[in-house]
Amino acid sequence: MKTNLSSKIKLEYIPKRYYDPKGEVELATLTQKEKVYTKIFETAGEGSDYLAQSIIKYINKSIETKGKCNIALGSSPSLDSTYAALIRYNEEGQVDFSNVTVFSLCEFFPLTKTGPSTLRRLKEVFLDHVDCKPENIKTFDLDVSKEDIYGCCKAYEEEIRNCGGLDLTVCAIGEAGSLAFNGPGTPEAKMCRLVLLNDEMRHNITSEYHTDEVPHTAVSLGLANILESQHVLTCAWGENKARIVQQTVEDIPSPTVPASCLQGHSHSVVVVDLPAAELITRISQPWKVTSCEWTDKLIRRAIVWLCEITNKPILKLTDKDYNEAGLGELLALYDSAYNVNIKIFNDLQHTITGWPGGKPNADDTYRPERAFPYPKRVLIFSPHPDDDVISMGGTLKRLVDQGHDVSVAYQTSGNIAVGDEDMMRYVMLMDSIAERFAIDTPEFAKISKEIHEFIKNKKNGETDTEDVRFLKTKIRQGEARIACQYVGVKPENVHFLNLPFYETGTIKKGDLTEKDIKIVRDLITSIKPHEIFVAGDLADPHGTHKVCTDAVFAAIDDVKDDDWMKDCRIWMYRGAWAEWEIDHIQMAVPISPEELRVKRNSILKHQSQMENAPFLGNDDRLFWQRAEDRNRATARLYHALGFPSYEAIEAFVEYHPIRDEE
């Protein structure tokens, strides 16, 4: 059972030598723009294991040298896999924590018994499972008033100094470049202090600790304290960290990106996975630092970049433009700018199609989707009950209108995203019609009363009752059915999978298991589709999209050698959180103004996910606004490259099942 195949998506475009060079000379060449030593791994799992082994190396070396080791540890969920690896290595006898003193990097203030605690979390996921002595676990003495916090911070710094200083600091890089609770604007010289948690930090803490009881302040070691550590290990995983990683590693150090201060530390290491590294120069624009392996995708990326910096469409680029931008290699390979321009223009032109299911009785030589069979059986997987219309609503409508047999599978109930007020509107409606429709039974009255009482007395972070979750699930299913009906999907083709990993009743979800994968696999094999559409939106900050994508890919992996699968293509869509980069796009479906209005209306059918939706993230726009803005931006980019001016474009990338030899 392969449950992390989504991590392989970008490998088709990135030669291994760019992120795992062989030899010091090639490493120095590729990393010439990087000001912090950066290790890039294919997956977060591999990066986490490297972090764990590095921590073990520093611990063993310090204990061998002076008989002890002092470590400051962060409690970010990004470090959970590293801590899990350390627990395993401790059980195997590869590392001994009995002579390790652990200092908490930061803690919430005021600290309450029911509120979040970084040390409490650190113990739960790590310290309680290894042989670290309780007396060697240090944290802030926060049993003080706010007026006495300064003294508390100085005492904590003094305790660290009395222990011999920090040998190692381990923490994750936040989305805004924070280290511990040192957010944007923190000067490098700042020491341990009371900090105000900004809105983004508090939003992330709500998700990480599964609670709404988040203080507005915390106590944190400062950047200066972190930089005093002998060694610093930091990590970042996922596409949503890509921009901040690039700024941390390559840009001029600035208080607006606190992690960039690591550039001044001689023994700091930043560990990232490929999605988080995608904007680092050796990954995003390798022609700036080395002689490239010029694949078609990389050439397309380079030309699109050249068009952007010259403000020219593709067919107006000249030999001079190529040479001045350092792309002379392409001229040598293709003899002239004209030849490269025509190649890439045709390449991009062939991605554009108004027939996402293939155009019957047409020459499909240069079309992204084949003409036959027609009509096709199309299966669209949607992680939540609205991702289908948010991300590919225009294409969905096209597929239906062009005669294909379209099925939609909603992988999770999405019930935790229904607000209590939205649910109670339906409860009160049922209360008001109970007598007229003869459902005013004692059983109904009892359930209704229990729901009213629960919502009235519900505490922050409290798990919904089974009946409340049931109602919220039905609300989302009803909205999804109406949206599908609006765009023309047949009622019998709407499937609600309710994958078990999601049904915990809390923000924290379970692990993907064979039970989840079997549900997906059974649906796929019952339909035997000619086209599968699946979410490739891995920047989802809550992680559900990635798990759902992995469930589909794992199911596909199980049936990839079946005869019918040889006639099936798999397309990945985005839209809720990000859009595909143009150099990756393999199918671009133009959307007319009328179709864009239909798409907006289909999104609006999901009424519970409008203004009151709890998981809009840090983007203030509603989902229909994000979708339209991204679709229009893709159309503008195509137009800037020299193509017709479309109202909007939805973009797709083809997924090829991973073969064992790969």
Side-chain angles (χ1 to χ4, degrees), residues 2 4-34 36-47 49-50 235-239 241-243 245-246 249-250 269-308 322 325-334 339-340 343-344 347-348 351 536 538-539 553 570 572 578 580-586 653-662:
K2 300 176 181 177
N4 193 28
L5 290 173
S6 63
S7 65
K8 306 291 184 182
I9 287 175
K10 288 186 175 294
L11 300 189
E12 181 180 345
Y13 310 112
I14 305 171
K16 189 170 184 177
R17 78 173 183 92
Y18 294 157
Y19 61 88
D20 187 21
K22 304 300 181 184
E24 293 299 319
V25 174
E26 187 170 19
L27 175 64
T29 300
L30 285 165
T31 61
Q32 58 188 275
K33 292 187 178 295
E34 297 167 26
V36 184
Y37 184 71
T38 306
K39 287 286 292 183
I40 303 173
F41 292 89
E42 291 183 5
T43 68
E46 293 175 4
D49 195 67
Y50 172 84
C235 66
W237 320 121
E239 294 176 1
K241 296 287 184 69
R243 174 56 61 193
V245 166
Q246 186 274 328
V249 170
E250 294 186 337
V269 181
V270 175
V271 183
V272 295
D273 60 0
L274 271 174
E278 67 179 10
L279 296 181
I280 293 177
T281 300
R282 59 171 149 144
I283 303 299
S284 65
Q285 299 168 346
W287 56 86
K288 291 184 176 181
V289 292
T290 189
S291 179
C292 291
E293 300 173 26
W294 287 108
T295 63
D296 287 348
K297 299 299 180 186
L298 187 60
I299 295 172
R300 192 200 290 187
R301 171 174 287 203
I303 301 316
V304 171
W305 168 77
L306 184 57
C307 289
E308 289 175 347
Y322 280 78
L327 293 174
E329 279 186 351
L330 289 176
L331 298 181
L333 286 172
Y334 290 92
N339 291 337
V340 187
K343 171 183 171 57
I344 299 305
D347 182 27
L348 282 168
T351 67
L538 305 183
F553 287 170
I570 304 150
M572 297 182 294
W580 289 111
E581 303 90 339
I582 195 168
D583 49 300
H584 292 172
I585 294 173
Q586 291 166 288
V653 171
E654 187 175 2
Y655 173 79
H656 300 279
I658 305 296
R659 299 294 169 179
D660 291 338
E661 62 270 17
E662 297 174 0

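When a residue number appears, it is its place in the shown sequence, counting from 1. Fair warning: this is a prediction, and the values are worked out from it, not measured in the lab.
- Looking only at distances, a side-chain donor or acceptor of Thr31 sits under 3.5 Å from a matching main-chain atom of Leu27.
- A pairwise comparison of heavy atoms in Lys288 and Thr281 identifies CB-CG2, 3.9 Å as the closest pair.
- The two residues Leu306 and Ala325 make their nearest non-hydrogen contact at CD1-CB, 3.5 Å.
- For the atom pair CZ of Phe553 and OH of Tyr655, the computed distance is 5.0 Å after rounding to the nearest 0.5 Å.
- A cation-pi arrangement is absent between Lys343 and Tyr334, since the terminal nitrogen or guanidinium carbon is not both under 6.0 Å from the aromatic centre and inside a 45° cone about the axis.
- Few gaps surround CD on Glu293; more than 12 heavy atoms of other groups in view lie less than 6.0 Å from it.
- Taking each heavy atom of Thr351 and Ile585 in turn, the nearest pair found is CG2-O, 3.6 Å.
- Ala236 and Ala276 make their closest contact through O-CB, 3.6 Å (heavy atoms, listed as atom of the first residue, atom of the second, distance).
- At least one donor-acceptor pair under 3.5 Å links the side chain of Trp580 to the backbone N or O of Met572.
- In this structure, CD1 on Ile299 lies 7.0 Å from CG on Leu333, to the nearest 0.5 angstrom.
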Q | Intermediate values then yes/no, side-chain contact (heavy atoms from CB on, under 4.5 Å), Ile303 and Leu330 | A | CA-CA 10 Å; Ile303 301 316; Leu330 289 176; 3.9 Å; yes
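- Considering only heavy atoms from C-beta on, Glu581 stays 4.5 Å or farther from Val304 through its side chain.
- Judged purely by atom type and a 3.5 angstrom limit, Gln586 uses its side chain to pair as donor or acceptor with the backbone of Glu654.
- Panel note: side chain Glu278, backbone Ala242; no donor-acceptor pair is recorded below 3.5 Å.
- In this structure a side-chain-to-backbone donor-acceptor pair under 3.5 Å is missing from Arg301 to Gln285.
- Once rounded to the nearest 0.5 Å, the distance linking CD of Glu250 with CG of Leu279 reads 9.0 Å.
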Q: With side-chain contact (heavy atoms from CB on, under 4.5 Å) as the test, would you mind laying out the steps for Glu329 and Trp294 before giving the verdict?
A: CA-CA 9 Å; Glu329 279 186 351; Trp294 287 108; 2.6 Å; yes
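- Counting heavy atoms from C-beta outward, Leu348 and Ile582 have side chains that approach closer than 4.5 Å.
- Here CD1 of Ile280 is found 14.0 Å from OH of Tyr19. Values are rounded to the nearest 0.5 Å.
- The two residues Gly47 and Val271 come nearest to each other via the heavy atoms O-CG1, 3.7 Å.
- Ile14 places none of its side-chain heavy atoms less than 4.5 Å from the side chain of Lys16.
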Q: List the steps and the verdict of side-chain contact (heavy atoms from CB on, under 4.5 Å) for Val272 and Lys241.
A: CA-CA 9 Å; Val272 295; Lys241 296 287 184 69; over 6 Å; no
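- Contact annotation: the side chain of Ile40 approaches that of Leu274 to within less than 4.5 Å [non-hydrogen atoms, C-beta and beyond].
- Looking at Asp583, its side chain never comes within 3.5 Å of a backbone N or O of Leu298 through a donor-acceptor pair.
- Distance alone, capped at 3.5 Å, is enough to place a donor-acceptor pair between the Arg282 side chain and the Tyr18 backbone.
- In this structure the side chain of Ser291 never reaches within 4.5 angstrom of the side chain of Thr29, judged on heavy atoms.
- You'll find the side chain of Trp305 reaches within 4.5 Å of the side chain of Leu327, heavy atoms only.
- Scanning both residues, Lys297 and His584, for their nearest heavy atoms gives NZ-O, 4.5 Å.
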Q. Should Asp273 and Thr43 be marked as a side-chain contact (heavy atoms from CB on, under 4.5 Å) after you check the CA-CA gap, both sets of side-chain angles, and the distance that decides it?
A. CA-CA 5 Å; Asp273 60 0; Thr43 68; 5.6 Å; no
